[in-house]
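Down below is the structure, laid out as structure tokens.
Heavy-atom basis, side chains included; hydrogens, waters and symmetry copies ignored. Just so you know, residue 1 is the first one in the sequence shown, and it goes up from there. A quick note: this is a predicted structure, and the numbers were derived from the prediction, not measured.
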Amino acid sequence: MDFRTIFRTPEHLRLSPQNFEEKVIWYTIIGTFGIYFIGGLYVLGAILPWLLVGRLGWHWWQQNPKTPIAERIKIPLGIWVWVVGMMGMQVTLIMGHLEYYLDLGQIIKSTIGWAKGWALLALFPMAGCLPIRPKLVYRAAAIICAITFLISPIFLAAYYAHLPAKLFVSPLQAIGGPGPEFFEFRLYEIDPGDNTPRWRLFTPWAPALGFVANIYFFMILREPCKKWKFLGIAGCIMMCQISKSRLALLCLPVVWILVEVLARLSRPIAIICTGLITSTAGITLPMLIEAIGRFSEQFAAARKDSSRVRAALGRIAIYRWQTESPIWGHGIVESGPHMVEYMPIGSHHTWYGLLFVKGIVGFIALAIPMIYSMGDLLWRSQRNDTAKLGLTMTLVIFLYTFGENLEILAYLYWPGLLVMGMGFLALPPETIPHEASTVSESHQTALSQTENTNQS
């Protein structure tokens, strides 16, 4: 069998990066395993958004009245809302440190952490305003998930061959990061709850692999090449399975169905269905609440130890936030007691973590951009597929606020943030009949014309 045929794309569907920003994104995504092998994913993920936003600033500075409309940089309001929100995170960080009399060195250290974490939630959507074709990101996502699917037997076989779980820790750990797990090369890991294997692949822990799989899955659905699409989808489903993440398996169908419904709210049939559901709510709501309650109990019982630790971490975070520092939070992360296995207080839950570390101000600094994004992208998604995907990314990220700390994994799910930024560029529905295309589509058309000219 010639494996080259597996990776050969039909001539009319071939894609290649056409400018600096496309090349950076393309090679970063498809080179995930190579970068992971040297322990560089966390480091590159922290540098990449600042590089792309610097490039955006350069484009913005260079444009003038003679610049063609299709090539002009436009940063929509939705992205500025994220910028203000993440700047608010930095303000709460400083105030929390001052309230607890932490020294300047700790403030500088935490600010660097902010630049590698929360800041990414604003920088990557802003980078989506660059002339980057969405279909290039979809293809890159499909390729890396296909590669994951094809090489995963190596990781699976490692456990059954009784090879060491951890092979080495990259020297890049010396640069600094949240922990050694961000620089380890692991073949598999053992779940302490039931002593069964789980696989994390290129992520720091297994549930994070399911998070990334969900982000890539919805991009790959838009991939026109059937070969890459099917291999990519297989890779995403496989990643959700081997991560043994309950949230990953739940998120795929829930978000898929929810977005398909929300993106059709402006259509007559959706309005009729909404009316029927509302009229029968009095009868069906009690049964629905009871069904949700049973599902929640079964969901928690699937991994009792994990659910117990998560619940305890949440209770501790809420209690200490309410009694010790309700406005600005504690400023820094603290380890919990023995009953939660010394895990950081508020970990495994973005909202609890925010309340403990950054108080109610930090909570609001994330809640407002999240709510605004859902409303803005819901409006735009009624007639624009890029905005629909942006809404999908927002919903996936929102669901994962209840199972992960967003800022610590932003270096992995950043393609979703990038696409979310592209979604903000989509024109609202009522302007579409009067415009030739959206801003992002204009970039795509201009780049496609350049590509055709080069081929000619």
Side-chain angles (χ1 to χ4, degrees), residues 3-4 6-7 17 22-52 116-117 120 124 137 139-190 197-213 215-216 219-220 228 231-232 234-236 238-245 248 404 408-416 418:
F3 284 96
R4 289 177 297 180
I6 298 178
F7 297 101
E22 285 195 347
K23 290 177 181 178
V24 169
I25 290 168
W26 175 265
Y27 291 114
T28 299
I29 294 176
I30 67 173
T32 294
F33 276 100
I35 301 168
Y36 166 66
F37 183 77
I38 63 173
L41 278 179
Y42 182 78
V43 177
L44 181 59
I47 297 173
L48 181 62
W50 295 97
L51 175 66
L52 292 174
K116 297 187 295 182
L120 273 59
F124 275 120
V137 184
R139 176 65 55 80
I143 290 175
I144 187 56
C145 290
I147 292 173
T148 303
F149 179 71
L150 294 174
I151 70 173
S152 60
I154 298 173
F155 290 84
L156 299 176
Y159 168 74
Y160 296 101
H162 303 291
L163 296 179
K166 182 174 70 176
L167 296 186
F168 60 86
V169 178
S170 170
L172 292 177
Q173 183 186 3
I175 297 175
E181 62 270 22
F182 287 77
F183 302 94
E184 294 175 346
F185 186 88
R186 273 187 174 267
L187 296 174
Y188 60 91
E189 64 181 33
I190 302 298
R198 302 175 79 182
W199 285 266
R200 60 169 70 175
L201 300 184
F202 52 85
T203 63
W205 45 77
L209 181 64
F211 188 2
V212 176
I215 291 291
Y216 283 151
M219 295 183 189
I220 296 170
W228 287 122
L231 283 173
C236 290
M238 182 272 301
M239 285 190 277
C240 289
Q241 289 288 341
I242 66 175
S243 71
K244 296 186 178 179
S245 169
E404 296 285 356
I408 207 168
L409 295 176
Y411 78 100
L412 285 174
Y413 67 84
W414 63 266
L418 188 77

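- Among all heavy-atom pairs drawn from Gly232 and Cys145, the shortest one is O-CB, 3.5 Å.
- Atom CG of residue Leu41 and atom CG of residue Leu48 lie 11.0 Å apart, to the nearest 0.5 angstrom.
- Among Phe211, Tyr216, Phe124, the one residue that satisfies the ring pair (Phe, Tyr, Trp, His ring centres under 6.0 Å) test with Trp414 is Phe124.
- When all heavy atoms are compared, the tightest approach of Met219 to Gly416 is CE-N, 3.5 Å.
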### Task
Would you sort out whether Trp228 and Arg139 count as a side-chain contact (heavy atoms from CB on, under 4.5 Å), showing the intermediate values?
CA-CA 7 Å; Trp228 287 122; Arg139 176 65 55 80; 3.7 Å; yes
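- Distance alone, capped at 3.5 Å, is enough to place a donor-acceptor pair between the Tyr36 side chain and the Leu201 backbone.
- Ring geometry, Phe168 versus Phe185: the interplanar angle falls under 30°, so the pair is classed parallel (tilted spans 30 to 60°).
- Listed for the Thr28 side chain is no donor-acceptor partner under 3.5 Å among the backbone atoms of Ile25.
- Summarising the geometry of Trp205 relative to Arg200, their closest heavy-atom pair is C-CB, 3.8 Å, with the distance given to 0.1 Å.
- Met238 CE to Leu209 CG: the interatomic distance, rounded to the nearest 0.5 Å, is 7.5 Å.
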### Message
Checking Ile143 against Trp26 for the side-chain contact (heavy atoms from CB on, under 4.5 Å) test, could you report, in this order, the C-alpha distance in whole Å, the side-chain angles of both residues, the deciding distance, and whether it holds?
### Response
CA-CA 10 Å; Ile143 290 175; Trp26 175 265; 3.6 Å; yes
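- Taking 4.5 Å as the limit, every side-chain heavy atom of Met239 sits out of range of all side-chain heavy atoms of Val212.
- Residues Cys236 and Ile220 share a closest heavy-atom pair of SG-CD1, 3.7 Å.
- At most 12 non-hydrogen atoms from other residues, nucleotides or ligands lie less than 6.0 angstrom from CZ of Phe149.
- To the nearest 0.5 angstrom, Tyr413 atom OH is 14.0 Å from Thr203 atom OG1.
- Separating the CD1 atom in Ile151 from the CG atom in Leu156 is a distance of 10.5 Å, to the nearest 0.5 Å.
- The aromatic rings of Phe33 and Phe202 sit perpendicular to each other, their planes meeting at more than 60°, with 30° as the lower class boundary.
- Shown here is Phe155, whose CZ atom has more than 12 heavy atoms of other residues, nucleotides or ligands within 6.0 Å.
- Taking all atoms of both residues into account, the shortest heavy-atom contact from Pro197 to Ile190 is CA-CD1, 4.2 Å.
- For the atom pair CD1 of Ile147 and CD1 of Ile30, the computed distance is 7.0 Å after rounding to the nearest 0.5 Å.
- Residues Pro204 and Leu409 approach most closely at CG-CD2, 3.8 Å, considering heavy atoms.
- Counting only distance, with no hydrogens or angles, the side chain of Ser170 and the backbone of Ile38 share a donor-acceptor pair below 3.5 Å.
- For residues 161-172, the set of pairs meeting the salt bridge (charged side-chain N to carboxylate O under 4.0 Å, His left out) definition, not counting sequence neighbours, comprises Lys166-Glu184.
- Put simply, CD1 on Ile35 and CG on Leu44 are 5.0 Å apart, with the number rounded to the nearest 0.5 Å.
- Without hydrogens or angle criteria, Tyr188 side chain to Leu163 main chain gives a donor-acceptor distance under 3.5 Å.
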